[in-house]
Amino acid sequence: MKKLIFIAILLASTKWSQSQVITFPGYTSYFNSETLIPDSVIWTITKAHLLMPKAPRKNQFHSSGNRQNQNRDYLHSHYQKGHNSSYEDNAYSADAEFQCFDFVNMFPQLHVLNAQTWERLEDFSRKMALQFDSCKVKTSWAVIDRKIGVDSVVVPLYCIKEIWYNGHYEKYIMPNRDSVIKHPFGYYKVK
């Protein structure tokens with residue numbers, strides 16, 4: 001019951017606005033031009049894509065569609081450019097790899113969340129895709145923590161990941177705080 005109340009407060013406290021729907025081969029982003037981060041990103045990890053040879057990772061962070069290039073906003077911010085749909089989920093082609101580095105696929109995340117706890121959940125999602133042929137994933141966020149850079153890119157206080165595989169549904173809400181490392185990703189499962 002406590003977790004359900006917490007979730008209701010989180011969702012009620014977030015101000016949502018109209019998103020731009022941006023579809024690439026690897027994912028669909030619902031990019032918010034006010035917050036400069038996606039409200040959500042949705043994609044499906046497939047076993048077939050995971051078994052294909054990987055395109056080289058080029059780390060070419062960029063913006064498409066006349067949106068702001070946010071590289072300067074992240075500079076000296078102590079936040080990483082946290083992928084929603086990860087490189088590993090898009091490494092099946094050079095085009096998908098390039099497009100996963102678009103800022104419509106990024107949240108500012110602290111290193112311990114991005115490169116550790118969140119990444120472990122990404123690994124788990126790929127494991128489920130390999131085991132059950134596919135895994136649908138949706139990322140989103142709740143509560144504005146602060147803004148970074150000259151463009152005022154929103155930093156989410158909570159990063160959310162939902163996964164569907166083999167008839168199962170799971171939802172995780174992780175704080176964008178250094179304390180996130182105190183627990184494995186499973187601790188943050190709310191459904």
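Everything numeric here is computed off the predicted structure, so don't read it as measured data. Numbers here are sequence positions counted from 1.
Under a hydrophobic clustering in which Ile, Leu, Val, Met, Phe, Trp and Tyr are joined whenever their side-chain heavy atoms come within less than 4.5 Å, directly or via other members, Y165 and W118 fall into the same cluster. Cluster membership check: W164 does not share its hydrophobic cluster with V190, using side-chain heavy-atom separations under 4.5 Å among Ile, Leu, Val, Met, Phe, Trp and Tyr. Residues F103 and I42 do not share a hydrophobic cluster, defined by chaining ILVMFWY side chains whose heavy atoms lie under 4.5 Å apart. Note: the hydrophobic cluster containing V153 does not contain Y30 (ILVMFWY, side chain heavy atoms under 4.5 Å, direct or indirect links).
Here the two rings, on H83 and F107, have centers that are 6.0 Å apart or farther.
Between Y172 and E162, the side chains place no donor N or O within less than 3.5 Å of an acceptor N or O (distance only, hydrogens not considered). Looking at D39 and S19, their side chains do bring a donor and an acceptor atom within 3.5 Å of each other. One side chain, Q80 or N114, offers a donor N or O that lies under 3.5 Å from an acceptor on the other. If you check the side chains of S64 and D102, you find a donor sitting under 3.5 Å from an acceptor. Between the side chains of Y79 and R146, at least one donor N or O sits under 3.5 Å from an acceptor N or O.
Ring pair Y27/F24 is perpendicular by interplanar angle, where above 60° counts as perpendicular and below 30° as parallel. Under the 30°/60° scheme for interplanar angles, the aromatic rings of F124 and F185 are found to be tilted.
The minimum heavy-atom distance between R120 and A115, with the atom names listed, is NH1-O, 3.7 Å. Nearest heavy-atom pair across L113 and P175 is CD2-O, 4.0 Å. Scanning all heavy atoms of the two residues, the minimum distance from L36 to Q68 falls at CD2-OE1, 3.5 Å. What you find for Q60 and H62 is that their closest heavy atoms are O-ND1, 2.7 Å. When every heavy atom of C100 is checked against every heavy atom of S85, the shortest pair comes out as CB-O, 3.9 Å. Minimum heavy-atom separation, Q70 to S63: N-OG, 4.1 Å.
Proximity of C159 to Q109: side-chain heavy atoms (C-beta onward) are separated by under 4.5 Å at one or more points. Counting heavy atoms from C-beta on, the side chains of I144 and L157 never come closer than 4.5 Å. Residues V137 and T44 fail the side-chain proximity criterion, which asks for heavy atoms closer than 4.5 Å. At a threshold of 4.5 Å between non-hydrogen side-chain atoms, the residues M128 and S134 do not count as touching. Between M106 and F61 there is a side-chain heavy-atom pair separated by less than 4.5 Å. The shortest distance between side-chain heavy atoms of L110 and D178 falls below 4.5 Å. Between Q20 and S33 the shortest side-chain heavy-atom distance falls below 4.5 Å. With a 4.5 Å cut-off on side-chain heavy atoms, W141 and I160 do not count as touching.
Not a single donor-acceptor pair under 3.5 Å links the side chain of Y188 to the backbone N or O of K171. A distance-only check finds no donor-acceptor pair linking the side chain of D133 to the backbone of A129 [under 3.5 Å]. Side-chain atoms of N84 never come within 3.5 Å of backbone atoms of S140 as a donor-acceptor pair (strictly under, hydrogens ignored). With hydrogens and angles disregarded, no donor-acceptor distance shorter than 3.5 Å links the side chain of S29 to the backbone of N105. At distances below 3.5 Å, at least one donor-acceptor pair connects side-chain atoms of N69 with backbone N or O atoms of N71. A donor-acceptor pair under 3.5 Å is formed between the side chain of N176 and the backbone N or O of P156. Side-chain atoms of E122 do not come within 3.5 Å of backbone N or O of E88 as any donor-acceptor pair. Counting only distance, with no hydrogens or angles, the side chain of S125 and the backbone of L121 share a donor-acceptor pair below 3.5 Å.
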Item to check | Stepwise side-chain contact (heavy atoms from CB on, under 4.5 Å) test for K191 and Y169 | outcome: CA-CA 7 Å; K191 279 188 180 180; Y169 167 72; 3.4 Å; yes

Checklist entry - Where do E170 and K161 land on the side-chain contact (heavy atoms from CB on, under 4.5 Å) test, with the steps shown first? => result CA-CA 8 Å; E170 298 177 9; K161 186 170 283 202; over 6 Å; no

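The line from CG of D151 to CG of D73 is 4.0 Å long, rounded to the nearest 0.5 Å. In this structure, the separation between OG1 on T23 and CD on Q99 is 10.5 Å, given to the nearest 0.5 Å. Atom NE2 of H111 and atom CD1 of I181 lie 8.0 Å apart (nearest 0.5 Å).
For the pair K136 and W43, the NZ or CZ position fails the cation-pi test of under 6.0 Å to the six-membered ring centre and within 45 degrees of the ring normal. Figure legend: R67 and F31 shown as a cation-pi pair, the cationic atom lying under 6.0 angstrom from the six-membered ring centre and within 45 degrees of its axis.
Look at D145 and R177 and you find a salt bridge, because one of the NZ, NE, NH1 or NH2 atoms lies within 4.0 Å of a carboxylate O, short of that distance.
Other residues, nucleotides and ligands contribute only 12 or fewer heavy atoms inside 6.0 Å of the NE2 atom of H78.
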Contacts table for residues 45-55: side-chain donor-acceptor under 3.5 angstrom, sequence neighbours left out:
from	atom 1	to	atom 2	distance (Å)
T46	OG1	H49	N	3.1
T46	OG1	H49	ND1	3.3

